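Not measured: the values here are computed from a predicted model. In what follows, chains are A, B, ... by sequence order, proteins preceding strands, each numbered from 1.
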Amino acid sequence: MLEGKLEQASLFKKIVDAVKELVQDCNFDCSDSGIALQAMDTSHVSLVSLLLNADGFSEYRCDRNIALGLNLTSLTKILRCGNNEDMLTLEAQENPDSLTVRFENTQQDRMSEYALKLMDIDQEHLGIPETEYAATITLPSAEFQRICRDMSAISESITIECTKAGVKFSCEGDIGNGSVTLKPSASADHPEAATKIELSEPVSLTLSTKYLLNFCKATGLSPSVSLKLADENPILVEYPLASGHLRFYLAPKLDE
Amino acid sequence: MNMAPPLHSGQQQSLNRFFTRPDGSKPPSKRQATLFSSAGRSKKTAAIIDDSDSTIKLNGDDVEVKTELNADEVEDKAIDKTSQLSTSDDIKSEGDLDQMFIPSPPSSPVSTQEEEKMKKRRRSRSASPTSDRKKQIKQEKSMKEEAEAVASSDEDVLDKSSALSEEEIIQELPLAKIAFDNDSSWPRNSPVPYAALCATFEKIEATTKRLEIISYCSAFLFQVLDLSPSSFLTVVYLFINRLGPDYEGVEIGLGEAILMKAIGECTGRSLAQIRADYRTTGDLGTVARDSRNNQPTMFKPKPLTADGVFKNLKEIAKITGSQSQAKKVGIINKMLAACQGNEAKYLVRSLEGKLRIHLAEKTVLSAIAQAAVSFEAKKTNKRPDPANIVKAEEILRAVYSEMPTYDLIIPAIIKDGIMKLRESCQLTPCVPLKPMLAKPTKSITEVLDRFSDQKFTCEYKYDGERAQIHYVAETGTTRVYSRNSEDMSAKYPDIVSAIPRFITEQTTSFVLDCEAVAWDRETNRILPFQVLSTRKRKDVQEGSIKVRVCVFAFDLLYLNGRALLRTSLSERRELLHSHFQEVEGEFSFAVYRDGSNVDEIQEFLDQSVKDSCEGLMVKMLDGEESGYEPSKRSRNWLKLKKDYLTGVGDSLDLVVIGAFYGRGKRTNWYGAFLLACYNPDTQEYETICKIGTGFSEEILESLHQSLSKTVIDQPRSYYSYAQSTATAPDVWFEPTMVWEVLAADLSLSPVYKAALSELGRGKGVSLRFPRFIRIRDDKAVEQATSSEQVSEFYLAQASAGGNQAADEFAEDY
C-alpha cells in the first residue's frame with residue numbers, strides 16, 4: 001500500500017497545475033523511493049518528468065510499486081477541496097481502484113477525505129539519456145516567466161542564445177521583434193535572484209513559445225529555474241523542488 | 001512497456017529522434033551518437049541530397065531505356081526490357097546503372113550490328129568521366145522529352161479515355177520497373193509504410209506527364225502486390241483518395257477549420273499563424289508539413305502504415321454526434337504526431353479530400369492493369385506482354401464501369417488474375433454501374449452525319465435526375481442510384497414503393513436506366529428541374545412528399561438474371577416494354593421516334609421542347625454499336641439540346657464588386673469574383689452572381705494586379721447584397737470594371753439582389769453557370785446591364801421555358 005503525507009497541500013496543487021496544461025491523463029509511479037511521473041503531451045513535442053523523493057514527504061511508505069492512473073482535471077477538482085496550508089495525505093491500497101486524498105487543517109480539527117477513481121493508462125516509458133549540455137543557465141523563475149509572457153505577444157517562437165557574455169532571448173514576429181539579454185550576476189543577499197551561466201560552448205535553440213509558457217506554470221514551485229541547452233537536443237527546463245524536481249523537455253524547432 | 005518492434009535500422013533511427021528507449025532496442029550506437037551530438041540538421045540535408053541524386057539517376061535510367069527503344073528492332077527491345085525487368089532486383093540492390101545493359105539472351109534474334117552499337121555505348125559510357133556522362137544524359141533527356149511530347153500530342157488526338165496503346169506501354173514498362181528506388185521498399189509481408197506511398201505521391205506530383213505518372217503508380221502497386229498483397233485494396237483507395245465505393249457514400253473531406261485546429265494543436269502553433277500561412281501557400285498540406293518539420297516531436301511513435309492511415313480515415317469519416325469534432329481532432333493529432341517528411345502534407349490533403357497530384361482514377365486503373373500483368377508475368381518468370389497489358393486494361397475498365405467497386409474487383413484480381421476478371425466480376429443488381437453518357441452535338445446535320453446509313457432512334461431528353469433502379473425480387477431489395485452511383489433510395493421512397501405497380505409478373509430482377517422528373521399530378525405535366533431540386537435529400541417520408549416524380553425509363557440493363565449490356569438497343573427496348581407497364585404519373589417509357597430525316601428530327605425536337613424536355617437523345621438502334629457502354633461518353637449516343645441550337649442568348653455586362661481568395665492553383669490571386677448589375681433608379685449595385693469560370697491564368701494574374709488596387713475596407717453603402725457572412729466575399733472592390741459574362745440560365749435566388757424590386761417577388765435574380773468572356777473597357781460601370789434588363793431577361797426566359805411554373809410552384813411550397 002501507499003501512504004504519503006505532505007506538510008502543505010499547496011506543493012502538490014502547484015505541481016498538478018503545472019503538469020495538467022500538458023497532459024490530461026497520466027500515471028503516477030509510486031515506489032519506495034518516492035513518486036515519479038513521466039509523460040509526453042498529446043503532440044509528442046514536449047515531455048514532463050516529476051520526481052518527489054520519499055524524504056520530501058513528512059511520512060512516506062510504499063511497500064510495492066504501483067502506478068496510479070489519474071485524470072489530472074479530476075485530480076485538480078479534488079485538490080481544490082483542500083486549503084493550501086492543509087496537510088495532504090495520498091493513500092492507495094494494494095491493486096487499488098481509487099486514490100484517497102485526505103486533507104487536515106493546521107488546527108487538526110477538520111479532516112476531509114476524497115476518493116478519486118483510477119484509470120488504466122497504457123503509457124510508454126521512454127528513457128531519457130544523460131545529455132552533456134553545452135550550457136546551463138540558472139535564472140529567477142519569475143524572470144523567465146516574464147520573458148516568455150512578453151515574447152508570446154510577438155512571436156510563436158523564442159530563440160535562446162547563450163554565450164560567455166550572457167544569455168539572449170529573442171523573437172521575431174509580424175509586428176516586429178524583441179530581445180532580452182541577461183548577464184551573469186551574483187547577489188550575495190538573494191542567491192535565488194542571481195543569474196548564473198555555465199558554458200562549455202556557445203549554443204542557440206529556437207523553441208515554441210506556447211510550450212515554454214506552459215512550463216512557466218511551474219514558476220510558483222521554485223524561485224529559480226535552470227535551462228539546459230545542447231545543440232539540436234531538447235531543452236531541459238528544471239524547477240528544483242525541496243526534494244526532487246519538476247523537469248520539462250521540449251524539442252527545438254528546426255530552421256527551414 | 002511496449003517493446004519497439006524489430007525494425008530495420010532506417011525506421012529504428014526515426015523512432016528515437018532524440019532519446020533512446022530503456023529496453024535496449026537501441027540502434028547502432030554510432031548512429032545514435034551522431035544524432036545526439038549534432039547532426040539532426042545536417043543529416044536532413046544529406047537525405048535531401050540523396051533524394052535529388054536518385055532522381056537524377058532516375059532520369060538517366062529512363063533515358064537509357066528510351067534511347068534503347070528508339071532503335072529499330074522491336075523484338076530486341078522487348079527482350080532487352082524483360083531482362084531488365086527480371087533483374088530489377090539486382091539493379092536495386094547494387095544500384096549499378098550499367099547493370100541494366102544486360103545483353104539479350106542468346107536465343108533472341110539480335111542483330112550483331114545492334115549489339116555492337118550497344119557495346120560501344122556501354123564502353124564509352126563507363127569510360128566517360130562524370131561530366132561527360134551528365135552531358136550525355138542531358139542530351140538523351142531532351143530526346144526523351146521530344147519523344148514524350150510526340151506521345152502526348154498523339155494522345156490528345158486519340159480519345160483521352162481510351163486505353164493506352166501498345167506502343168505507349170512498351171515505353172512505360174521498363175520505366176515503371178526502374179523508376180522505383182530501393183529506399184521505399186519494405187520487408188515482405190509487413191504492412192506497407194505510409195512513407196513509401198507518400199514517396200510515390202511526391203514523384204507523381206512532380207510530373208505532369210501521364211506516362212510517368214502511370215509508371216510510378218504501377219511500379220508502386222507492383223511492389224505492393226509483390227510484398228504485401230493484402231494491402232493492395234487499401235493502397236488503391238488511398239491513391240484515388242476514397243474510402244469505399246461511391247454508392248456507400250462514405251466520404252472524408254474535412255473542413256479547413258478542423259484541420260487547422262489539429263495542425264495547431266500538434267505543432268504548438270496558433271491558429272492565426274496557421275491561417276496566415278495557409279493564405280500564402282494556399283495548401284493546408286504544405287502548411288502541415290512545414291509546421292511538423294519545423295517542430296519535431298520528442299520521440300517518434302511507430303511509423304505510419306498505409307493500412308493504419310486508411311483505417312483512421314474511415315473512422316474519422318464515420319464519427320458523428322456529440323464531441324465528434326474533438327474526437328476527429330484526436331485521431332488526426334495522433335497521426336500527425338507520427339508524420340515524417342512529406343507524410344503530413346499528403347495526410348492532410350487526404351483528410352481534406354483533395355490529393356491534388358493530378359492522379360485521375362483513369363490513370364490508377366491503367367496502373368492497376370499494368371501492375372497486375374507484370375506481377376502475374378513475374379510469377380511465371382515470363383516477361384509481361386505489352387499486348388496483354390492493353391487487353392488487361394480494357395478488361396479492367398469495362399469491368400470497373402459495370403461494377404464500380406474495388407472491394408470486389410481487387411480481391412478478384414489477386415485471386416483469379418486480371419485476365420479472368422470478366423468471368424469473376426459481372427454486372428450484379430444492387431451494385432450500381434456507371435451510366436452511359438451522350439456526346440453533345442450542335443446541329444441536326446451533325447447527327448445525321450454520324451448516323452448516316454445506320455438505324456437510329458430519337459428519344460426525349462427529360463430534364464430531371466438520372467436514376468438507376470435496381471431490384472431483386474428474391475431478396476426484396478430495391479435501390480435507386482444517382483448518376484454518380486450514390487444511393488438515393490432514401491431520397492426517393494416513392495419510386496421504391498411504385499416498383500410493384502410497374503413491373504409485370506414475369507419480372508424478378510432488373511436494372512433500369514431512367515430519368516426521374518418532377519411531375520405535376522394535377523395538370524399531369526412535367527415540371528422543370530428547378531422544382532425537382534427543391535426536394536428533400538434525406539429522411540424523406542413518403543407521406544410528406546410535395547414534389548412528385550415520374551420515372552421515365554429509357555433503357556434496361558439487366559433482366560431476370562441476365563446482363564443485357566451487349567444486346568442491341570432495339571432488343572433492350574422490346575424487353576423493357578414487355579416486362580414493365582406504364583403507370584400514369586409514376587412510370588412511363590421515354591417517348592421515342594425512329595426518325596430518319598432532318599425535318600422529322602426538327603419536328604420531334606420542337607415537340608420535345610414543348611413537352612418540357614431539354615431536347616433529344618439520338619441513339620444507335622441496332623447492331624453491335626447499340627450496346628450499353630457504361631461510363632462512356634459514347635458517340636453512339638448523341639444529345640441534341642435546344643440551347644445548343646439556339647445559342648445561349650445575350651450576354652450581360654456586369655460590375656465587379658468583390659472577390660474571394662484563390663486556393664490551389666489560384667493561390668495568391670483571386671479565385672472567384674462577386675458581380676453586380678447596376679440599378680440606375682436607386683443608383684445601387686445589386687449582386688447577381690459569383691463567377692469563377694472562363695479565366696485564364698494570365699487574366700487572373702492581371703486582374704489581381706489591377707483589382708487589388710481598388711480594394712476597400714467595407715462594402716460601399718450603395719451595394720445591395722445579402723448580409724449573411726457565409727456568402728460575403730473576402731475583399732470588396734471599388735466599382736471600376738465591367739465584364740461581359742455569359743450564363744446558361746437565369747434563376748431566382750434568395751442570396752442575390754439583382755432586379756429584386758423590379759420583379760417584386762422577394763427574391764433576386766442570379767445567373768446559372770456564369771462564364772467570363774472579356775473585360776469591357778469601353779463601358780463605364782454605370783453602363784452595365786441594368787436591373788430592369790435583368791428582370792426582362794428573366795421574364796423572357798421564364799415565359800419561354802416554363803420557369804414561371806417552377807417559380808410559382810416553388811413559391812407555393
Side-chain angles (χ1 to χ4, degrees), chain A residues 21-22 24 27 29 38-49 67 122-134 152-158 173-175 201 203 205-215 230-236 248-256, chain B residues 1-4 15-26 29 32-45 262-274 276-277 289-302 329-334 336-339:
Chain A
E21 292 296 326
L22 292 170
Q24 276 81 51
N27 281 329
D29 297 307
Q38 188 194 306
M40 264 194 285
D41 72 317
T42 47
S43 64
H44 294 219
V45 169
S46 67
L47 180 138
V48 52
S49 165
D122 190 22
Q123 215 168 13
E124 207 181 351
H125 284 254
L126 297 148
I128 304 172
E130 290 296 318
T131 305
E132 280 201 19
Y133 289 103
S152 71
I154 295 168
S155 169
E156 59 173 11
S157 48
I158 296 178
D174 293 337
I175 58 165
E201 58 178 329
V203 57
L205 289 182
T206 302
L207 301 149
S208 161
T209 319
K210 187 185 146 192
Y211 290 96
L212 291 179
L213 261 185
N214 277 338
F215 300 168
D231 233 357
E232 302 281 344
N233 266 301
I235 184 178
L236 165 56
F248 298 99
Y249 294 85
L250 173 62
K253 292 200 167 195
L254 295 173
D255 298 332
E256 267 153 291
Chain B
M1 197 180 332
N2 289 337
M3 285 278 290
L15 268 171
N16 298 297
R17 185 177 279 254
F18 292 109
F19 293 159
T20 53
R21 273 152 218 276
D23 52 23
S25 61
K26 274 192 193 175
S29 57
Q32 185 69 36
T34 33
L35 245 186
F36 244 104
S37 53
S38 70
R41 201 178 304 171
S42 54
K43 233 202 101 239
K44 207 172 136 203
T45 28
I263 297 167
E265 274 183 24
C266 214
T267 54
R269 306 185 65 208
S270 72
L271 211 55
Q273 280 285 350
I274 288 170
D277 281 4
R289 181 195 58 194
D290 293 347
S291 305
R292 173 77 287 158
N293 290 350
N294 186 235
Q295 174 64 75
T297 54
M298 293 285 294
F299 303 85
K300 275 287 164 194
K302 270 193 237 167
V329 171
I331 299 175
I332 299 169
N333 271 350
K334 234 183 241 163
L336 275 181
C339 280

Quick one: are [X] and [Y] in side-chain contact, heavy atoms under 4.5 Å?
X        : Y        : value
A:Leu254 : B:Pro296 : yes
A:Lys253 : B:Asn293 : no
B:Met298 : A:His44  : no

Partners meeting salt bridge (Lys or Arg N to Asp or Glu O under 4.0 Å) with B:Asp277 (sequence neighbours left out):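 Once residues adjacent in sequence are excluded, the partners of B:Asp277 under the salt bridge (Lys or Arg N to Asp or Glu O under 4.0 Å) criterion are B:Arg269.
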OG on A:Ser43 to CD1 on B:Ile263, rounded to 0.5 Å: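 The distance works out to 13.5 Å.
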Roughly how far apart are B:Leu336 CG and A:Thr42 OG1, rounded to 0.5 Å?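 Between atom CG of B:Leu336 and atom OG1 of A:Thr42 there are 11.0 Å.
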Does the pair A:Thr206 and B:Gln295 meet the rule for a side-chain contact (heavy atoms from CB on, under 4.5 Å), with working shown? CA-CA 10 Å; A:Thr206 302; B:Gln295 174 64 75; over 6 Å; no
If you take all heavy atoms of B:Cys266 and A:Val45, which pair is closest and at what distance?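 Looking at all heavy atoms of both residues, the shortest contact is O-CG2, 3.8 Å.
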For a quick test of reading the model, state the closest non-hydrogen atom pair linking A:Leu47 to B:Phe299 and the distance between them.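 Reported closest heavy-atom pair: CD1-CE1, 3.2 Å.
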Segment of A:Ser46 engaging chain B (4.5 angstrom heavy-atom cut-off):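 A:Ser46 touches chain B through backbone heavy atoms alone.
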For A:Leu213, which residues count as a side-chain contact (heavy atoms from CB on, under 4.5 Å) partner, sequence neighbours excluded?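 Only A:Cys148, A:Arg149, A:Ser152 meet the side-chain contact (heavy atoms from CB on, under 4.5 Å) criterion with A:Leu213.
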